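Below is one structure; the comments refer to it alone.
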Amino acid sequence: MMEHYDIDGLVEYGAESLPGTLLTINPTWRELDKQVKKAHQAERKLQAELTRHTLMDSVDIQKKAESVEALQTVQIELARLRAERRDMPRKVTLDSLPEELRVTQLLPLNKMLTDVVKMIAYRAETALVAILRRHLKKEDEARALVRELFVSSGDIEPDDAAQTLTIKIHRMANPAHDKAIASLLEELTRLAFCHPESGARMIYKLV
């Protein structure tokens, strides 16, 4: 929620400092951890590619050699990143960080409000992800697609006579995502949600 939606920032009219002795995740360690995970994914992908090349008689020696070289390069980089992460403290005190990296906390009332909003928003996102998972294999891909949907361009067409409000979402980046989003919009239309103010029935379409 903090990374993708900045919900705290929407209502952050006040904040208070935290004790300097409080331990927090070291930002440098966190960045190294992300790089390690990314390199590990690249290693697994290259290992799978090399396995395919090994099993295929039609693949020439040059391609196999290139796959081996790419895998070795990634493994060396992964070992370096892991060593750096191992030598880096995972947690540090707040007062050891630069001023711009020190976290604060919302004033208590604001925090209660944002916690409620976060829970509602996360549950809504998770429900949408569950529908998309019927068409997408990975949950991370489904969540990323939901975030893309939230910022996608679209058109709103009210029809007072029919008491409907049609939301036309512009197409996604690729056909697979189009298919998943179209199915999601059909499901939302079947649920027959009504606009909270006008009472118009919501219709969702991919155009």
Side-chain angles (χ1 to χ4, degrees), residues 1-15 24-25 27 30-45 48 103-207:
M1 286 298 161
M2 288 189 296
E3 180 179 356
H4 297 294
Y5 302 116
D6 191 26
I7 289 179
D8 286 349
L10 297 178
V11 294
E12 192 171 358
Y13 298 118
T24 186
I25 297 295
R30 182 187 290 116
E31 181 58 32
L32 283 170
D33 188 55
K34 288 180 180 178
Q35 292 180 35
V36 166
K37 290 177 180 177
K38 185 177 180 180
H40 183 55
Q41 290 176 349
E43 179 191 35
R44 293 179 62 183
K45 182 178 179 181
V103 296
T104 58
Q105 67 178 9
L106 292 177
L107 296 175
L109 184 59
N110 286 350
K111 187 177 187 305
M112 290 173 61
L113 172 62
T114 54
D115 284 348
V116 171
V117 174
K118 286 177 188 177
M119 286 187 288
I120 294 172
Y122 185 76
R123 289 182 65 181
E125 179 188 294
T126 300
L128 296 178
V129 168
I131 298 174
L132 288 178
R133 284 295 304 276
R134 301 169 190 168
H135 304 277
L136 302 173
K137 294 181 179 179
K138 297 180 180 179
E139 181 176 345
D140 288 347
E141 183 182 5
R143 287 198 179 276
L145 187 54
V146 167
R147 293 194 295 269
E148 183 181 346
L149 173 63
F150 287 163
V151 297
S152 294
S153 300
D155 301 307
I156 301 176
E157 293 185 1
D159 187 332
D160 294 334
Q163 274 291 291
T164 60
L165 187 65
T166 301
I167 313 298
K168 295 183 176 180
I169 303 296
H170 296 178
R171 293 187 175 275
M172 302 290 110
N174 64 63
H177 288 178
D178 276 349
K179 181 179 178 181
I181 289 296
S183 176
L184 170 62
L185 297 181
E186 288 174 4
E187 179 71 19
L188 294 178
T189 299
R190 280 196 296 270
L191 292 172
F193 292 115
C194 293
H195 190 275
E197 294 182 3
S198 67
R201 183 169 59 87
M202 309 285 285
I203 299 173
Y204 301 89
K205 294 182 178 179
L206 186 67
V207 298

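Quick caveat, the model's predicted, so the values are computed rather than measured. Only heavy atoms go into these numbers, but all of them, side chains included; no hydrogens, no water, no symmetry mates.
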How would you list, by chain and number, every residue that makes a side chain to side chain donor-acceptor pair (under 3.5 Å) with [X], sequence neighbours excluded?
{"X": "E139", "result": "R143"}
{"X": "E187", "result": "R190"}
{"X": "E186", "result": "none"}
{"X": "D155", "result": "H170"}

In chain order, what residues pass the side chain to side chain contact (heavy atoms under 4.5 Å, CB included) check against [X], with sequence neighbours excluded?
{"X": "A39", "result": "L78, L81"}
{"X": "I156", "result": "L165, I167"}
{"X": "I203", "result": "T164, T166, T189, R201, K205"}
{"X": "E31", "result": "K34, Q35"}

Item to check | Side chains of L184 and L145 in contact at under 4.5 Å (non-hydrogen atoms) | outcome: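 Result no, sub-4.5 Å side-chain heavy-atom pair not found.
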Item to check | Note, L188 side chain near F193 side chain (heavy atom, < 4.5 Å) | outcome: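 A side-chain contact exists here, since the closest heavy-atom pair is under 4.5 Å.
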[X]: salt bridge (charged side-chain N to carboxylate O under 4.0 Å, His left out) partners, not counting sequence neighbours:
{"X": "E157", "answer": "K168"}
{"X": "D178", "answer": "R171"}
{"X": "R44", "answer": "none"}

Return the [atom1] to [atom2] distance between [X] and [Y], rounded to the nearest 0.5 Å.
{"X": "E125", "Y": "L149", "atom1": "CD", "atom2": "CG", "result": "10.5 Å"}
{"X": "H177", "Y": "L136", "atom1": "NE2", "atom2": "CG", "result": "5.5 Å"}
{"X": "Q41", "Y": "K38", "atom1": "CD", "atom2": "NZ", "result": "9.5 Å"}

Checklist entry - Closest heavy-atom contact between L132 and A180? => result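 That closest heavy-atom pairing would be CD2-O, 3.4 Å.
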Checklist entry - Among pairs that include at least one residue of residues 129-138, which meet side-chain hydrogen bond (donor to acceptor under 3.5 Å, both in side chains), considering only residues two or more places apart or in two chains? => result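 Output for this query lists H135-S183.
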